[in-house]
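Below is one structure, written out as structure tokens; the observations come after it.
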Amino acid sequence: MTGFLTLLHKELLRFWKVGFQTIIAPMVSTLLYLLVFFHVLETRIEVYPEVAYTVFLIPGLIMMSVIQNAFANSSSSMIQSKISGNIVFVLLSPLTYRAIFFAYILASIIRGLLVGLGVYLVTLIFFDIPLLLPLWAILFVILGSAILGALGLIAGILADKFDQLAAFQNFIILPLTFLSGVFYTIHSLPAGWQYLSHLNPFFYMIDGFRYGFFGVSDISPHISLLIVSICLIAISALTINLLRSGYKLRQ
């Protein structure tokens, strides 16, 4: 456990030392989204009965900030280690590949939770936000950040430079996030787009997390939990296999 805790400590320090950039800046960006949508759509849209649009929007924005920062944490750490060459010291250590995986993922979860908690606490100052089922919300936020942390490791392993990593984030992570129901309910979409939304695993993270706040969701939270859990297991297995094989790491 000493090696695992050391690697985890290193990953935590990596983003904590520049907390203004890794924690405060994402909080400000999310709050700007909220400010714009509040002024433009607050009085024009009602998604759930007796729930203002801004209040509906807040859980989606929290989850969006959590998963994006979880992905950024592990992906940037891996690509920096590859480019600087210090990844070899991690691979040569007596740590198992599972221990390496869990250290990166746990650090990503913690960063995502810090950003999400910060956004939530700030929004509580201005809005009355219900949290009817907190355990459901916590469960989905941990599973979602773990999935994106694993995806970040995969992206960091596959990318050879920062441009490729940015392409992965801009053309895969960002579209899947924006089309997952952060800003709307999928019942407002045409049938074809609803079908496509059900193929997006990010949708189940957002919908399940929002269920923890309002007790209402577009689909059963148990189905969302099952799908998110299967995705986490599959992506984690793929990531551990990539670490074990040393693909693009032992060069």
Side-chain angles (χ1 to χ4, degrees), residues 1-26 65-117 141-174 176 201 205 228-251:
M1 290 298 293
T2 302
F4 167 78
L5 293 175
T6 301
L7 181 57
L8 175 60
H9 183 246
K10 171 252 184 187
E11 288 299 308
L12 293 176
L13 284 179
R14 197 187 67 84
F15 75 78
W16 187 255
K17 290 265 186 182
V18 288
F20 191 85
Q21 175 185 346
T22 57
I23 299 176
I24 303 300
S65 64
V66 168
I67 60 179
Q68 286 184 346
N69 282 276
F71 175 85
N73 194 73
S74 57
S75 61
S76 61
S77 179
M78 179 56 70
I79 193 69
Q80 287 173 1
S81 295
K82 284 176 59 179
I83 291 176
S84 64
N86 62 41
I87 188 63
V88 67
F89 299 111
V90 177
L91 298 176
L92 289 175
S93 70
L95 283 169
T96 66
Y97 296 108
R98 289 184 178 87
I100 295 172
F101 169 79
F102 282 114
Y104 278 102
I105 297 305
L106 186 55
S108 297
I109 292 173
I110 292 174
R111 174 176 167 182
L113 289 177
L114 286 175
V115 175
L117 181 62
V141 79
I142 291 176
L143 292 176
S145 54
I147 290 175
L148 269 294
L151 284 175
L153 277 180
I154 293 174
I157 292 171
L158 297 180
D160 294 319
K161 50 187 178 180
F162 285 102
D163 290 348
Q164 295 174 353
L165 185 62
F168 193 99
Q169 184 164 10
N170 292 332
F171 295 107
I172 298 179
I173 302 301
L174 195 61
L176 288 176
M205 302 177 201
V228 170
S229 299
I230 292 173
C231 288
L232 177 59
I233 293 171
I235 294 172
S236 297
L238 174 60
T239 309
I240 292 173
N241 283 331
L242 284 174
L243 290 171
R244 182 183 294 112
S245 68
Y247 179 70
K248 288 196 172 185
L249 296 177
R250 299 173 181 171
Q251 295 179 355

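The minimum heavy-atom distance between L12 and A107, with the atom names listed, is CD2-CA, 4.0 Å. In terms of heavy-atom proximity, T239 sits nearest to I235 at OG1-O, 2.7 Å. Closest heavy-atom contact between S145 and V66: CB-CG1, 3.8 Å. Contact record, F101 with A150: CE1-CB, 4.1 Å, taken as the closest heavy-atom pair.
Partners of I230 under the side-chain contact (heavy atoms from CB on, under 4.5 Å) rule, at least two apart in sequence or in another chain, are L226. Qualifying side-chain contact (heavy atoms from CB on, under 4.5 Å) partners for S229, counting only residues two or more places apart in sequence or in other chains: L143, L225. Contacts of S236 classified as side chain to side chain donor-acceptor pair (under 3.5 Å), with partners at least two apart in sequence or in another chain: none.
Considering only heavy atoms from C-beta on, W16 comes within 4.5 Å of I23 through its side chain. Looking at L91 and V88, their side chains never come closer than 4.5 Å, going by heavy atoms from C-beta outward.
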ask   = Taking it one step at a time, do T6 and H9 satisfy side chain to side chain contact (heavy atoms under 4.5 Å, CB included)?
value = CA-CA 5 Å; T6 301; H9 183 246; 5.7 Å; no
message = For a side chain to side chain contact (heavy atoms under 4.5 Å, CB included) check, start with the C-alpha distance between L242 and L153, then their side-chain angles and the critical distance, and finish with the verdict.
response = CA-CA 9 Å; L242 284 174; L153 277 180; over 6 Å; no
message = Pair R14, S76 - check side chain to side chain contact (heavy atoms under 4.5 Å, CB included), show working.
response = CA-CA 10 Å; R14 197 187 67 84; S76 61; 3.1 Å; yes
task = Decide side chain to side chain contact (heavy atoms under 4.5 Å, CB included) for Y247 and N241; before the verdict, give the C-alpha distance in whole Å, the side-chain angles of both, and the deciding distance to 0.1 Å.
result = CA-CA 9 Å; Y247 179 70; N241 283 331; over 6 Å; no
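Taking CG from L243 and CG from L95, the interatomic distance works out to 11.5 Å, rounded to the nearest 0.5 Å. The CG atom of L249 sits 5.5 Å away from atom CE of M78, with the distance rounded to the nearest 0.5 Å. Interatomic distance, I147 CD1 to I233 CD1, rounded to the nearest 0.5 Å: 9.5 Å. Between atom CD of residue Q68 and atom CG of residue L174 there is a gap of 6.0 Å, rounded to the nearest 0.5 Å. I142 contributes atom CD1, which lies 13.5 Å from atom CD1 of I105 (distance to the nearest 0.5 angstrom). One finds the OG atom of S81 at 11.0 Å from the CZ atom of F89 (value rounded to the nearest 0.5 Å).
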List the atom pairs, with distances to 0.1 Å, where a side-chain N or O of residues 163-170 and a protein N or O form a donor-acceptor pair under 3.5 Å, not counting sequence neighbours.
from : atom 1 : to   : atom 2 : distance (Å)
Q164 : OE1    : D160 : N      : 2.6
N170 : ND2    : A166 : O      : 3.1

Can you give me every donor-acceptor pair (side chain of residues 109-116, partner residue at least two apart or in another chain, under 3.5 Å) with its distance?
from : atom 1 : to  : atom 2 : distance (Å)
R111 : NE     : T22 : O      : 3.4
R111 : NH1    : N73 : OD1    : 3.4
R111 : NH2    : N69 : OD1    : 3.2

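Among residues at least two apart or in separate chains, side-chain hydrogen bond (donor to acceptor under 3.5 Å, both in side chains) pairs with a member in residues 89-103 are Y97-R250.
Between the side chain of K248 and the backbone N or O of K82, no donor-acceptor pair lies under 3.5 Å. Counting only distance, with no hydrogens or angles, the side chain of S77 and the backbone of S74 share no donor-acceptor pair below 3.5 Å.
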